[in-house]
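The analysis underlying the following values was restricted to heavy atoms, covering all of them including side chains, and did not include hydrogens, waters or symmetry mates. Please read these numbers as outputs of a predicted model, since none were measured by experiment.
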Amino acid sequence: MRPILLPDPPSLSTGVPEIFEQGGSQNVVRRAVVIGNGFPGSENQSIGLARALGLAENHLLYRVTRPKGGIHEWLHWLPVGFHKKLEFILRHLYLYSRLMLRSKQSKYMLSENGGSNVGLSSILEADVNEIVTIARDTYEKDGPLVVIACGRDTVSIASSIRRLASENVFVVQIQHPRSHLNRFDMVITPRHDYYPLTPEAQEQVPRFLRSWITPREPPQDHVVLTTGALHGIDYATLRKSASAWHDEFAALPKPLVVVNIGWPRRNCRYGADLAKQLTDALLSVLDSCGSVRIALSYKTPEKVSRVIFKELGDNPKVYIWNGQEPNPYMGHLAWGDAFVVTADSVSLVSEACSTGKPVYVIGADHCKWKIADFHKSLRERGVVRPFTGFEDMSESWSYPPLSDTAEAAMRVRTALAARGWSLRS
């Protein structure tokens, strides 16, 4: 099985022959493995960290996949390994029952079922033994391997790799794994993941349920707390994107206001009511805008997008991206003068806040639990402001951009150095 080699821009090299690098070739980290779950929001965090570590030209992507379709859409709460075993049993029980009922058609049933799973089987699967073998067999020649994983479904894979090849790997788990943290060399997670330990949160949880809420203990020394989500947005990527999107954005009237709309989540629910609030506020500030570009997520509910198109679709100042390629997201970040973002997505807000430009958030009052705590921390730092419809969008204000990814990468470098390992600079 061949892993995916991601087409990333080359990182800088010192030009020093490998044999002369400090600590010898076995102590120099030159490569990384990214373990994803198929969701861009998670994989972008891992890839962003790999880039920040200078491993842009030499990291590999593996994926943990789940059975999809039918009843499986209701079973995502199961551990991924158990889910796959259950899918195997259910599929064979189904085939056996069809075989008994229609023996003459059994071969056709097998063929049809196999065809329906082509998409799943054709995806390169994260295999613990394969990655462990790579780490062990190539250690003397290529040095240690950094393993970066993100998301609940990757936890068992990443922890198993560390257990089986602890002398050859450094395993980083992004997002709190909700399990024994000592199974990883480093855990990188937003500070609001520890919101359940605060007195405010404790008051919201009945006493008999508190022992079931994670995390249960304060962060340990190898836990790195960030303000928001990791990502690959920094000055260099913004500058590159500004050049790539120059022809489309340079001539737009200023200020260019970018509106990023996500979708309702468990801790941040909304519907057409927030969409109407957003469109009313945008219409109120439109006189102070040169142009407005709106981007909806592929998961934005139709009831939300319908309101957006109805209220703003015919406005000459407003352009609504229809989801066709190329995706202008990076161009928006590079050329936008101000941003309006729905409160549901920590990643969308974090990436906008990495620009240092004005960021307005709408819908934070719909959020609860740790997501509400995330927005509270940003407001207290002066990074974001609520979008009310009374703003002068031509007013410019700034703040120190969020640099969680760079800071997390520095902590990884320090931890590697403590083991006698170093990253090629």
Side-chain angles (χ1 to χ4, degrees), residues 39 41-42 44-45 48 150-152 155 173-179 181 186-231 233 260-271 274 277-278 297 339-356 358-388 399-405 407-408 411:
F39 294 98
S42 297
N44 287 343
Q45 294 195 57
C150 182
R152 179 168 61 94
V155 169
Q173 184 70 37
I174 301 174
Q175 296 181 348
H176 200 288
R178 312 296 175 192
S179 61
L181 303 189
M186 180 172 288
V187 174
I188 302 174
T189 191
R191 188 171 285 101
H192 59 256
D193 269 355
Y194 281 87
Y195 175 72
L197 297 180
T198 64
E200 179 183 355
Q202 291 289 307
E203 292 178 359
Q204 301 177 46
V205 181
R207 185 175 297 275
F208 71 92
L209 290 177
R210 291 177 185 175
S211 61
W212 295 88
I213 304 296
T214 57
R216 302 184 185 93
E217 299 177 351
Q220 302 168 19
D221 291 340
H222 71 304
V223 176
V224 177
L225 298 182
T226 63
T227 300
L230 302 189
H231 50 76
I233 313 300
N260 289 326
I261 302 174
W263 67 91
R265 322 284 176 111
R266 182 181 60 181
N267 288 323
C268 199
R269 299 187 183 279
Y270 60 86
L274 185 66
Q277 180 185 340
L278 172 60
S297 166
F339 301 92
V340 177
V341 188
T342 54
D344 54 271
S345 174
V346 174
S347 291
L348 286 178
V349 174
S350 299
E351 289 170 351
C353 292
S354 70
T355 66
V359 177
Y360 299 92
V361 174
I362 188 166
D365 54 325
H366 290 248
C367 299
K368 60 182 182 179
W369 199 238
K370 65 180 184 178
I371 304 302
D373 187 62
F374 165 65
H375 288 291
K376 179 183 176 182
S377 69
L378 293 184
R379 291 193 301 270
E380 290 176 346
R381 292 179 56 173
V383 177
V384 302
R385 298 178 183 178
F387 186 53
T388 63
Y399 48 87
L402 294 188
S403 55
D404 286 326
T405 309
E407 293 169 8
R411 290 288 300 272

Test item: [X] side-chain N/O and [Y] main-chain N/O as donor-acceptor pair under 3.5 Å:
{"X": "Q175", "Y": "C150", "value": "no"}
{"X": "S347", "Y": "A229", "value": "no"}
{"X": "D344", "Y": "C268", "value": "no"}
{"X": "D404", "Y": "T227", "value": "yes"}
{"X": "Y270", "Y": "W263", "value": "yes"}

What's the shortest heavy-atom distance between [X] and [Y], and which atoms?
{"X": "V155", "Y": "Q173", "value": "CG2-NE2, 3.8 Å"}
{"X": "S350", "Y": "G228", "value": "OG-CA, 3.4 Å"}
{"X": "P190", "Y": "L225", "value": "O-CD2, 4.5 Å"}

(request) Please test R265 against S345 for side chain to side chain contact (heavy atoms under 4.5 Å, CB included), starting from the C-alpha separation and ending with a verdict. (result) CA-CA 8 Å; R265 322 284 176 111; S345 174; 3.5 Å; yes
(message) Could you check whether atom CZ of R381 has more than 12 heavy atoms from other residues, nucleotides or ligands sitting under 6.0 Å from it?
(response)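 No, not enclosed.
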(request) Go through the structure and list residues passing side chain to side chain donor-acceptor pair (under 3.5 Å) with S179, not counting sequence neighbours. (result)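 For S179 the side chain to side chain donor-acceptor pair (under 3.5 Å) partners, ignoring immediate neighbours, are R183.
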Could you tell me the separation between the [atom1] atom of [X] and the [atom2] atom of [Y], rounded to the nearest 0.5 Å?
{"X": "Q204", "Y": "T198", "atom1": "CD", "atom2": "OG1", "result": "7.5 Å"}
{"X": "Q202", "Y": "L197", "atom1": "CD", "atom2": "CG", "result": "7.0 Å"}
{"X": "R269", "Y": "L274", "atom1": "CZ", "atom2": "CG", "result": "14.5 Å"}
{"X": "R191", "Y": "T226", "atom1": "CZ", "atom2": "OG1", "result": "7.5 Å"}
{"X": "I362", "Y": "I261", "atom1": "CD1", "atom2": "CD1", "result": "9.0 Å"}
{"X": "M186", "Y": "D221", "atom1": "CE", "atom2": "CG", "result": "10.5 Å"}

Results of side chain to side chain contact (heavy atoms under 4.5 Å, CB included) for [X] - residues two or more places apart only:
{"X": "P206", "answer": "F208, L209"}
{"X": "E217", "answer": "Q220"}
{"X": "P196", "answer": "I213, P215, W369"}

Validation: residues 372-380 side-chain donor-acceptor distances under 3.5 Å, sequence neighbours left out:
from : atom 1 : to   : atom 2 : distance (Å)
H375 : NE2    : A343 : O      : 2.8
S377 : OG     : F374 : O      : 2.6

(message) For H366 and I371: C-alpha separation, side-chain torsions, deciding distance, then whether side chain to side chain contact (heavy atoms under 4.5 Å, CB included) applies.
(response) CA-CA 10 Å; H366 290 248; I371 304 302; over 6 Å; no
(request) Start with the C-alpha distance between L348 and F339, add both sets of side-chain angles, then the distance that settles side chain to side chain contact (heavy atoms under 4.5 Å, CB included), and finish with yes or no. (result) CA-CA 10 Å; L348 286 178; F339 301 92; over 6 Å; no
(message) Going by the rule disulfide (SG to SG under 2.5 Å), which residues pair with C353 if we only count those two or more places apart in sequence or in a different chain?
(response)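 So C353 forms no disulfide (SG to SG under 2.5 Å) with any residue.
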(message) Using side chain to side chain contact (heavy atoms under 4.5 Å, CB included), reason through E351 and N260 one step at a time and then give a plain yes or no.
(response) CA-CA 11 Å; E351 289 170 351; N260 289 326; over 6 Å; no
